[in-house]
Amino acid sequence: MAATETSPAADFERARAEADELEARLADLDDAYYERDTTLVPDADYDALKARLRELGTAFPELIGQDSALVRVSGRRSTLFAPVVHAERMYSLDNVFSVDEFREWAARLERDAGRAPALLCELKIDGLAISLRYAAGVLVSAATRGDGVTGEDVTANVLRIPGIPRRLAGSGHPELVEVRGEIFFPVAAFEALNAEQAVAGERVFANPRNAASGSLRQKAEGKSVTELDLMERRLSRLRMLVHGIGAWPHPAADSQSGMYELLAGWGLPTSRNARVVADADAAVGFIEHFGAHRHDVEHEIDGVVVKVDDFALQRELGATSRAPRWAIAVKYPPEQVHTRLLGIEVGVGRTGRATPYAVLEPVRVAGSVVARATLHNQDVVRVKGVLIGDTVVIRKAGDVIPEILGPVLELRDGSERAFEMPTTCPECGWPLAPAKEGDIDLRCPNARSCPAQVRGRVEHIGSRGGLDIEGLGEVSAAALTQPVIPATPPLTTEAGLFDLRLEDLFPIEVIVKDAETGLPKPGDDGRPRRETPFRRQRKAPKPGQPPTKSRPDPPYDPDGPFDGDAQSIVSAAAIELIAELQRAKDKELWRQLVALNIRHVGPVAARALAQHFGSLDAIRAAGAADLAAVDGVGPIIADAVVEWFLVDWHVEIVERWAAAGVRFAIPSHPGPGAATAAIDGPLAGLSVVVTGTVEGYTREGAEEAVLAAGGKAVGSVSKKTSVVVVGPGAGSKETKAIALGVPIVPAERFAELLERGLDVLAE
DNA sequence: CACCCTCGAGTTCA
DNA sequence: CTCGAGGGTG
């Protein structure tokens with residue numbers, strides 16, 4: 001977004017016209033943001049407008065008047081609540097948008113201060129600035145920032161927010177003190193709120209900040225009892241953290257950090273994430289750390305605030321007309337960005353569902369480059385209102401998965417066209433149809449031979465929740481089911497999986513696709529590049545030199561039927577795959593059940609069925625009623641199992657796998673219906689969630705250990721969860737556990753938990 | 001029958 | 001990780 005170059009002759013009039021336009025636009029945006037809690041454009045665009053205005057202002061200072069968007073403290077007084085004049089003005093902070101700009105600020109600071117002062121780093125919470133006025137230790141009013149001079153009284157609502165003391169702890173409180181802080185909606189609570197709002201037919205909030213603002217501005221008058229209840233609940237989910245003081249002539253502390261200790265001692269909520277660091281370099285470390293762990297905090301953060309810790313130096317540095325010189329806000333790159341919707345393609349998954357997905361101009365969002373995003377189905381495409389060719393708004397939902405929020409209507413030029421859902425399967429050409437009358441999802445009915453579905457099922461067989469076959473993932477599954485060579489793929493259905501031999505793998509050639517575009521990559525000769533995933537080319541020995549053997553040939557039976565060409569050798573991946581398949585034949589019955597791809601039968605249902613019946617034969621012989629009697633299996637799953645066995649090519653899978661040696665039974669199982677004694681152990685009757693990394697265990701291993709100790713390993717935290725084991729890298733589950741009051745055990749004590757059960761908590 | 005847990009399925013990128 | 005839907009429980 002390069003600014004138009006102003007000519008050296010300086011066309012003042014042109015600059016003024018542009019500045020006027022920018023001012024008007026910014027006034028609109030500020031008005032929407034502060035008065036109506038609406039964000040019309042991504043933050044990045046807003047910042048860009050201001051940056052441009054600042055540029056113009058640098059060239060022509062006379063363009064920037066007293067009510068310019070650059071000068072006024074953003075925000076205006078709302079008439080909703082009574083006005084409150086702050087005893088001391090609430091400043092906003094200057095912003096920088098990169099570590100480099102921060103270093104410039106720090107360098108200036110060090111020059112002004114004549115030394116490198118200690119800095120206090122804290123997170124910039126994306127919430128609402130608030131000022132609490134305490135008179136002789138008693139809360140007398142709470143006000144929003146408003147325009148910085150006058151805010152609105154929200155005391156009645158603030159009193160309902162947990163953690164804000166009406167009376168300060170301890171004694172010796174000043175006559176008057178204004179405590180400044182930020183009210184916010186914890187991210188986890190925000191999600192829950194929106195779900196409830198939707199159910200109640202109320203507005204759904206775009207982000208936690210809007211939710212906090214909206215919640216705080218509710219009025220009790222004229223509300224029904226249910227509405228009041230909803231209001232109460234919303235307020236009770238808000239939280240506050242304090243980060244400063246206003247009016248107080250002689251604070252009993254000589255530094256920002258000392259101030260926080262004092263405030264904490266009074267029972268005010270202070271952040272756990274504030275640190276005093278020695279210099280700018282250390283501050284950069286803090287900034288980068290939380291840039292990477294933005295979502296490991298309970299609230300949304302849009303940056304880091306760095307303050308001079310020493311109060312004496314703060315006073316010395318003073319403030320400009322709008323912001324103190326001793327503090328700076330370092331803003332993180334936006335998490336919502338614009339990019340072009342290049343096209344919408346349709347993929348087919350293992351169940352045959354046809355899913356449209358967006359192909360995007362690759363763009364960086366929250367740390368990674370995104371080129372695709374799912375659109376779920378044609379209804380979602382319609383509801384989001386996106387057209388091919390649109391500029392669209394992208395964000396990362398829940399940290400990872402990119403999501404298209406919608407089009408930027410102003411940027412349409414008429415060349416965009418609507419997406420039309422294909423009527424036939426893009427992979428096999430069969431007509432797509434809903435599985436049931438009234439279903440939105442379209443499916444490819446060619447379950448047996450649609451290459452996409454076979455590929456998906458084979459991949460699922462190899463997955464961790466299935467037979468956990470190393471070397472059978474996305475790439476191998478595609479190679480086995482859709483190679484360019486041979487013409488007849490080694491697998492036309494999964495029935496032949498356990499009959500695969502090395503010589504079936506050897507000839508396979510696939511076309512290499514570019515990860516970004518999905519298009520075939522051209523090789524040296526310009527034609528699509530091919531790869532042989534199960535074979536390596538042996539380098540031809542140079543003439544005149546003795547053939548060197550850099551690596552020994554892989555172990556392989558020379559008397560076997562293998563018939564590869566002399567210049568190639570079997571890759572280790574091929575040998576590994578065959579060996580893994582061999583091992584899979586004796587794996588647990590539940591894994592083999594999952595591998596059959598029966599609808600609704602995943603690891604948990606499969607475990608229940610396996611444990612109860614002991615063998616696939618017993619499951620097959622059981623009626624729907626017998627199946628549904630199993631704990632965790634209801635009529636729907638029971639029917640799905642019965643019906644699965646009625647399809648001839650399904651039965652063929654079972655028969656060919658069994659013939660190849662797949663065991664399909666739990667050895668020494670007493671037989672169907674045998675009472676399975678509840679496992680006794682330290683964790684008997686407890687459900688345990690493990691999140692983050694636990695040293696010495698894989699994710700699976702930890703679950704196994706919980707089962708072995710008699711516990712139940714569950715994936716998500718709820719009120720019923722007995723205990724949550726939290727290791728480094730834990731995310732929302734830890735937050736949720738805290739919110740629900742579920743006991744937490746640190747990962748280091750996992751082993752102890754396994755041995756002693758909940759006794760570990762009693763310390 | 002109305003909840004609330006769970007599970008299954010689909011999903012993206014390094 | 002999130003969504004929708006199955007299963008169990010009060």
Side-chain angles (χ1 to χ4, degrees), chain A residues 187-188 190-192 194-196 198-199 292 295-296 345-360 362-377 379-380 394-404 435-436 439-441 443 452-453 455-457 459-460 463-466 473-475 514-516 518 590 593-594 596-609 627-641 687-689 691 699 703 712-722 729-733 735-736 740 742:
Chain A
V187 178
F190 167 73
E191 315 290 352
N194 260 356
E196 282 174 28
V199 169
H295 301 283
D296 300 352
E345 290 177 13
V346 174
V348 176
R350 80 178 159 101
T351 62
R353 199 165 92 176
T355 312
Y357 61 92
V359 179
L360 305 162
V363 64
R364 193 167 190 84
V365 198
S368 62
V369 175
V370 171
R372 285 153 212 275
T374 181
L375 288 161
H376 304 288
N377 59 48
D379 261 33
V380 172
I394 307 289
R395 75 159 171 206
K396 287 269 193 88
D399 218 359
V400 210
I401 316 280
E403 182 189 2
I404 292 188
K436 294 195 305 271
D439 268 9
I440 294 158
D441 292 344
R443 284 172 189 278
Q453 294 187 57
R455 183 197 340 120
R457 289 199 301 267
E459 193 185 332
H460 184 241
S463 71
R464 267 199 337 204
E474 196 181 333
V475 175
D514 185 87
E516 238 169 49
W590 69 264
L593 265 174
V594 170
L596 294 177
N597 280 290
I598 302 171
R599 202 132 118 82
H600 305 305
V601 179
V604 175
R607 269 193 179 98
L609 288 168
L627 294 164
V630 177
D631 197 25
V633 178
I636 307 253
I637 295 181
D639 285 347
V641 173
S687 52
V688 181
V689 173
T691 178
R699 157 143 246 102
E703 283 178 16
K712 194 176 170 212
V714 290
S716 58
V717 180
S718 71
K719 275 191 291 190
K720 284 194 180 172
T721 309
S722 320
S732 62
K733 285 175 194 170
T735 323
K736 196 166 176 197
L740 293 173
V742 174

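As a basis for the values below, the full set of heavy atoms in this structure was taken, side chains included, without hydrogen atoms, waters or symmetry mates. In what follows, every chain begins at residue 1, and chains take the letters A, B, ... in the order their sequences are listed.
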*Considering only B/dA9, B/dT12, B/dT6, which nucleotide approaches the side chain of A/S687 most closely?*
B/dT6
*Between C/dG7, B/dC13, B/dT6, which nucleotide gets closest to the side-chain atoms of A/I636?*
C/dG7
*Could you state the CD-P distance from A/E459 to B/dG8, rounded to the nearest angstrom?*
18 Å
*Sub-3.5 Å donor-acceptor pair from the side chain of A/S722 to the main-chain atoms of A/S687, do we have one?*
yes
_In this structure, how many angstroms lie between the P atom of B/dC5 and the NZ atom of A/K719, rounded?_
5 Å
*Residue A/Y357, side-chain atoms from C-beta onward, closest of C/dG7, B/dT12, B/dG8*: B/dT12
*Whole-Å distance separating the CD atom of A/E403 from the P atom of B/dC13*: 14 Å
*Nearest heavy-atom neighbours spanning A/E459 and A/G473*: CG-C, 3.9 Å
*Taking NE2 from A/H600 and C1' from C/dG8, how many angstroms apart are they, rounded to a whole number?*
17 Å
*Tell me which nucleotide among B/dC7, B/dC5, B/dT11 gets nearest to the side chain of A/K720.*
B/dC5
*Determine the minimum heavy-atom distance between A/V594 and A/G466, stating which atoms define it.*
CG1-CA, 3.8 Å
*Considering only side-chain heavy atoms of A/T355, which listed nucleotide, B/dC13, B/dG10, B/dG8, is closest?*
B/dG10
_Distance in angstrom units between A/R372 CZ and B/dT11 P, rounded_ = 12 Å
*Where the side chain of A/T351 is concerned, which of B/dA9, B/dG8, B/dT12 is the nearest nucleotide?*
B/dA9
_Member of A/R443, A/R457, A/R599 meeting the side chain to side chain donor-acceptor pair (under 3.5 Å) criterion with A/T351_ = A/R443
*Roughly, in whole Å, what's the span from CD1 in A/I598 to P in C/dG6?*
17 Å
*Heavy atoms under 4.0 Å, any strand shown: does A/G602 hit a base, just sugar-phosphate, or nothing?*
sugar-phosphate
*Has A/D631 got more than 12 heavy atoms of other residues, nucleotides or ligands less than 6.0 Å from its CG?*
no
*asked:* Check this one for me: any side-chain N or O of A/R350 less than 4.0 Å away from OP1 or OP2 of B/dA9?
replied: yes
*Using whole Å, report how far CD1 of A/I637 lies from C1' of C/dG4.*
14 Å
_Of the listed nucleotides (B/dG10, B/dC7, C/dG8), which one gets closest to any side-chain atom of A/D631?_
C/dG8
*Select base, sugar-phosphate, or nothing to describe what A/G632 touches, counting heavy atoms under 4.0 Å on all strands.*
sugar-phosphate
*Atom-to-atom span, CD of A/E474 to P of B/dC13 - whole angstrom*: 11 Å
